[in-house]
Amino acid sequence: MLDIKLIRDQPELVRAGLAKVGVEAAEVERVLDSDARRRKLQFELDELRARRARDSKELGKASLEERDAKRAEMRALGDRITSGERELAELEGECERMLLELPNLPRPHVPIGKSDADNKIVRGEGTPREYSSFKPLPHWELGEKLGIIDFDRGVKLSGTRFHFLVGAGARLERALIAWMLDIKTLEQGYLEVAPPLMVNTAAVIGSAHLPKFADTMYRDFEEDFYFIPTAEVPLTNMYAREILDADRLPIYLTAYTPCFRREKMSAGRDVRGIKRGHQFDKVEMVKLVHPEKSDEELEKLVENACEICRRLEIPFRVIQMCTGDLGFAAASKYDVEMWAPGCGEWLEVSSCSNCWDFQARRAQLRFRTGKGAKPEFVHTLNGSGLGLPRTLIAVLENYQNEDGSITVPPVLRPYMGGAERITK
RNA sequence: GGAGAGGUGGCCGAGUGGUCGAAGGCACCAGAUUGCUAAUCUGGCGUACUGGGUAACCGGUACCGAGGGUUCGAAUCCCUCCCUCUCCGCCA
């Protein structure tokens, strides 16, 4: 959520920033108009309430006759206040709803662009291997031949976009999770948490997945529960509505969780293989940092994701999102993509965002520098560290051998009971 | 699911219709003081919105789990909901 005071005080700056992400100036005007009406009413109402408090106090000391005489008048004042409060609540709701639907402002250095076509490749490491003696297979063929991915039975139970990982496939994923978490916690300074996978509406508003993206999430309509689309939701909300001491920052959190997504927007896309499912595993990184540090913390976050690719010895590249491809909450964003020779594409295995104070304002996530200092919003960042299905794809496809077996990446062998190969 | 108890400021805890944004204590901050490593004294110490001021700051309003109601006036009375604890049942 943007700061209403920023919109009020520097509307031209907000208009210009939002124009870059495709928001029309009229939307800003509507917010300003609503805010002006809200403030006017608030002021009038406050005066009425002050009068009531004063007069009521006097009435309490007055004689019985005086009380009876004034009661009707006071009652009328009370009724005016009640109706004013209703109107104010409506105006506040209207203003709030509009603010919740406005996307974040991009950082000034983010390249201007309309779509993913305008994104920038900023760097890469490793070279896609040449295959002279055989044609690399896509993971869905490798997985089925080895019996480590069972698509048919997944579909039988749950429909399209579901699969079983079986035997060494399940273990390989578990190895990746354990290995990644060890790097996050032992080397990169993250605190591991195991968060709730179902969260309430407030949490999902906090992370900015609501109100705009309600139809992307699974939901329990009887209880107030959303199934998390990413661990970003519980992690960024972990300290919601709290005021942290400044010396607790930065807070680095990591979690392995399943994620649940309806994928309505991508109906028919990526239906083959395990690239895009309704349910997938992910190791997530979230940072809560001092506002002055968030730009540099984003660079470190991306590097934390890259390190996983690097140690797997799989070619990867870093893409800087242009303004048109930032998404709703990010002020600045990088994707990390791994090369998959079987399906012949760069797979987005991580998406790292600096959300500035956008989520923190929604989640009321603040810190205080010292006694008497004003609470300030922290900056929140999040990134995958990495998404499991696509990492698994990259491992299978890059480490496949001509005979159809998979070499276990050296870094994973300790997590695979020492196994060096996955064979039929 | 049933029965009971309870939700007050960072924490503990008083407060059953007006003088309560809320006693008292702890913690914390500032100052004073003592030559003994901490004690004592004094003052300060919530958040949000909002009016005024360049600002330090001054003022108004709201907030005692949430939302409604009664009343001139609600932390206090009534209703609904949420949460926590204890016991029972049920399921693991």
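Every heavy atom of this structure was used, including side-chain atoms; hydrogens, water molecules and symmetry mates were not. Chain A is the first sequence line, chain B the second, and so forth, proteins listed ahead of strands; every chain is numbered from 1.
Between B/rG9 and B/rA5, the distance separating the two P atoms is 22 Å to the nearest Å. For B/rG53 and B/rA48, the P atoms lie 22 Å apart once the distance is rounded to whole Å. B/rU84 and B/rU34 are spaced 47 Å apart, taking the C1' atom of each and rounding to whole Å. If you take atom C1' in B/rA75 and the same atom in B/rC63, they sit 11 Å apart, rounded to whole Å. Only the C1' atoms considered, B/rC88 is 34 Å distant from B/rA14, to the nearest whole Å. As rounded to the nearest Å, B/rU76 and B/rU19 have P atoms that lie 13 Å from one another. Taking atom P in both B/rG4 and B/rU61, the straight-line distance is 41 Å, to the nearest Å.
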Taking Watson-Crick (N1-N3 plus N6-O4 or O6-N4) and G-U wobble (N1-O2, O6-N3), each under 3.5 Å, can you produce the dot-bracket string of RNA chain B? Use [ ] for crossing pairs and | for inter-strand ones. ((((((((.[[[..)..(.....]]].(((((.......))))).(((((((....))))))).[[[[[..)....]]]]])))))))....
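Looking at A/D245, its side chain never comes within 3.5 Å of a backbone N or O of A/D247 through a donor-acceptor pair.
Close to B/rC49, at under 4.0 Å from its OP1 or OP2, lies a side-chain N or O of A/K5. Between A/R39 and B/rG60 there is no side-chain polar atom (N or O) within less than 4.0 angstrom of OP1 or OP2. Close to B/rC72, at under 4.0 Å from its OP1 or OP2, lies no side-chain N or O of A/R52. The side chain of A/R366 contributes an N or O atom lying less than 4.0 Å from OP1 or OP2 of B/rA48. Listed pair A/R38 / B/rU50 meets the phosphate criterion, a side-chain N or O lying under 4.0 Å from OP1 or OP2.
Judged by closest nucleotide on RNA chain B, A/L45 is the one of A/L45 and A/R71 placed further toward the 5' end.
In this structure, of B/rG18, B/rU61, B/rC72, it is B/rU61 that holds the atom nearest to the side chain of A/D46. Distance from the side chain of A/I243 is smallest for B/rU47 among the nucleotides B/rG18, B/rU50, B/rU47.
In this structure A/Y190 satisfies the ring-ring contact (aromatic ring centres under 6.0 Å, His included) test together with A/Y252, sequence neighbours excluded.
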